[in-house]
Amino acid sequence: MPADVTIRLLTDTDLPAYKALRDIGLQHDPEAFTSDFDTASALPPATYATRLGQPPDDHFILGAFDSSGAMLGAVVCQRQARLKQRHEAELVGMIIAPAARSKGIGKALLREFDTLVRKLPGLQQVVLSVTASNAAAVRLYEGAGFVRYGLQPRAVQVDGVYHDKALMLKQL
């Protein structure tokens, strides 16, 4: 990871930059998201305020920023609300700006994500889904300790083409 990159929790003031990054991700890699660009891009940045938090909150967004303050990547943690599922959280919405990929930013975000989820009382595992054909993303998650436990065939349809999702889990 470049030395001038900072990883930190997002606040309300970061929501416009987060939405802009998310819109880029939805447009550049539509098969990676269950949301579609046309619908999501019409939403205001405040839509994502419910994802903000700070451990021991049940949810948070981490962002990676360069020295100028531009957001290069983000990842979201959402913990299950139901009592019987409180032992589990989900890693959702991992986005790295196309120009910032292969620079260690995803690894750095996942390291900090791991540090923060371990502060959530009673949390025992984190799950995620990733486009099965995205070998780089699958390797990134495997390198962070996630293991594949299943496959959801035809999970996402983009322009008439179906994409499977690999289901992955990391026990804490």
Side-chain angles (χ1 to χ4, degrees), residues 7 9-10 18 21-40 43 47-48 50-53 55-64 73-98 100-172:
I7 307 289
L9 290 164
L10 270 56
Y18 172 72
L21 177 68
R22 191 170 188 279
D23 287 350
I24 289 168
L26 289 167
Q27 198 163 33
H28 190 269
D29 300 299
E31 72 285 348
F33 300 90
T34 55
S35 298
D36 67 279
F37 174 77
D38 290 336
T39 303
L43 299 172
T47 302
Y48 304 104
T50 58
R51 294 181 171 186
L52 297 174
D57 293 342
D58 290 342
H59 47 273
F60 58 82
I61 307 174
L62 277 174
V75 64
V76 178
C77 174
Q78 293 180 326
R79 189 170 187 182
Q80 295 294 334
R82 294 181 176 141
L83 184 61
K84 293 180 180 180
Q85 293 181 304
R86 295 283 299 154
H87 65 286
E88 184 174 280
E90 186 174 10
L91 183 155
V92 295
M94 175 76 141
I95 309 163
I96 306 297
R101 293 180 183 169
S102 299
K103 296 180 180 176
I105 294 166
K107 287 179 186 177
L109 278 168
L110 289 177
R111 275 194 304 274
E112 184 63 17
F113 182 93
D114 186 75
T115 297
L116 294 179
V117 295
R118 290 177 185 276
K119 294 181 180 180
L120 302 179
L123 192 68
Q124 298 174 4
Q125 62 189 26
V126 177
V127 296
L128 63 84
S129 68
V130 59
T131 306
S133 61
N134 186 339
V138 170
R139 278 192 310 275
L140 175 68
Y141 293 127
E142 287 173 341
F146 287 86
V147 295
R148 184 168 152 173
Y149 69 88
L151 181 75
Q152 183 181 1
R154 298 167 56 114
V156 177
Q157 180 189 14
V158 179
D159 297 328
V161 177
Y162 290 97
H163 301 272
D164 299 344
K165 291 284 186 173
L167 308 175
M168 301 184 82
L169 167 96
K170 179 177 183 175
Q171 293 184 338
L172 304 176

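If you read the sequence from its start, that first residue is 1, and numbering goes on from there. Excluded from the calculations below are hydrogen atoms, water molecules and symmetry mates; all remaining heavy atoms, backbone and side chain alike, are included.
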Using the side-chain contact (heavy atoms from CB on, under 4.5 Å) rule, take Ser129 and Thr34 through it: C-alpha gap first, then chi angles, then the decisive distance, then the call. CA-CA 10 Å; Ser129 68; Thr34 55; over 6 Å; no
Between Leu167 and Val127, does the side-chain contact (heavy atoms from CB on, under 4.5 Å) criterion hold? Intermediate values first, please. CA-CA 7 Å; Leu167 308 175; Val127 296; over 6 Å; no
Would Asp58 and Arg86 count as a side-chain contact (heavy atoms from CB on, under 4.5 Å) here? Give the steps. CA-CA 9 Å; Asp58 290 342; Arg86 295 283 299 154; 2.6 Å; yes
Test Val138 against Arg148 for side-chain contact (heavy atoms from CB on, under 4.5 Å), laying out the working first. CA-CA 9 Å; Val138 170; Arg148 184 168 152 173; over 6 Å; no
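Considering every non-hydrogen atom in both Val130 and Ala137, the closest pair reads CG2-CB, 3.6 Å. The two residues Leu109 and Gly63 have their closest heavy-atom pair at CD2-C, 3.9 Å. Residues Arg22 and Ile95 come closest through the heavy atom pair CA-CD1, 3.5 Å. Nearest approach of Gln78 to Val76, heavy atoms of both residues: CG-CG1, 3.9 Å. When all heavy atoms of Cys77 and Val117 are compared, the pair lying nearest together is SG-CG1, 3.8 Å. Here the shortest heavy-atom pairing between Pro55 and Leu9 reads CD-CD1, 4.0 Å.
With contacts defined as side-chain heavy-atom distances shorter than 4.5 Å, the pair Phe146/Leu140 does not qualify. Proximity of Met168 to Leu91: side-chain heavy atoms (C-beta onward) are nowhere separated by under 4.5 Å. Side-chain atoms of Arg118 and Leu123, non-hydrogen and from C-beta on, never get closer than 4.5 Å to each other.
Note on residues 102-124: pairs passing ring pair (Phe, Tyr, Trp, His ring centres under 6.0 Å), not counting sequence neighbours, are Phe60-Phe113.
The distance from atom OH of Tyr48 to atom CD1 of Ile61, rounded to the nearest 0.5 Å, is 9.5 Å. The distance from atom CG of Leu120 to atom NE2 of His59, rounded to the nearest 0.5 Å, is 10.5 Å. Interatomic distance, Glu88 CD to Gln125 CD, rounded to the nearest 0.5 Å: 4.5 Å. In this structure, Leu110 CG and Thr115 OG1 are separated by 11.0 Å, a value rounded to the nearest 0.5 Å. The line from CZ of Arg51 to CG of Leu10 is 11.5 Å long, rounded to the nearest 0.5 Å.
For Phe33, there are no ring-ring contact (aromatic ring centres under 6.0 Å, His included) partners at least two apart in sequence or on another chain. Ala136 meets the side chain to side chain contact (heavy atoms under 4.5 Å, CB included) test with Asn134, Arg139; sequence neighbours excluded. Every salt bridge (charged side-chain N to carboxylate O under 4.0 Å, His left out) that Lys170 has, sequence neighbours left out, goes to Asp114.
A salt bridge between Asp57 and Arg79 is absent, with no side-chain N of the basic residue lying under 4.0 Å from a carboxylate O of the acidic one.
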Quick one: side chains of residues 149-157, donor-acceptor pairs under 3.5 Å with protein atoms, not counting sequence neighbours, listed by atom name and distance.
residue : atom : partner : partner atom : Å
Arg154  : NH2  : Tyr162  : OH           : 3.2

Let me have the donor-acceptor pairs involving side chains of residues 24-32, under 3.5 Å, with sequence neighbours excluded, atom names and distances please.
residue : atom : partner : partner atom : Å
Asp29   : OD2  : Arg101  : NH1          : 3.2
Asp29   : OD2  : Arg101  : NH2          : 2.5

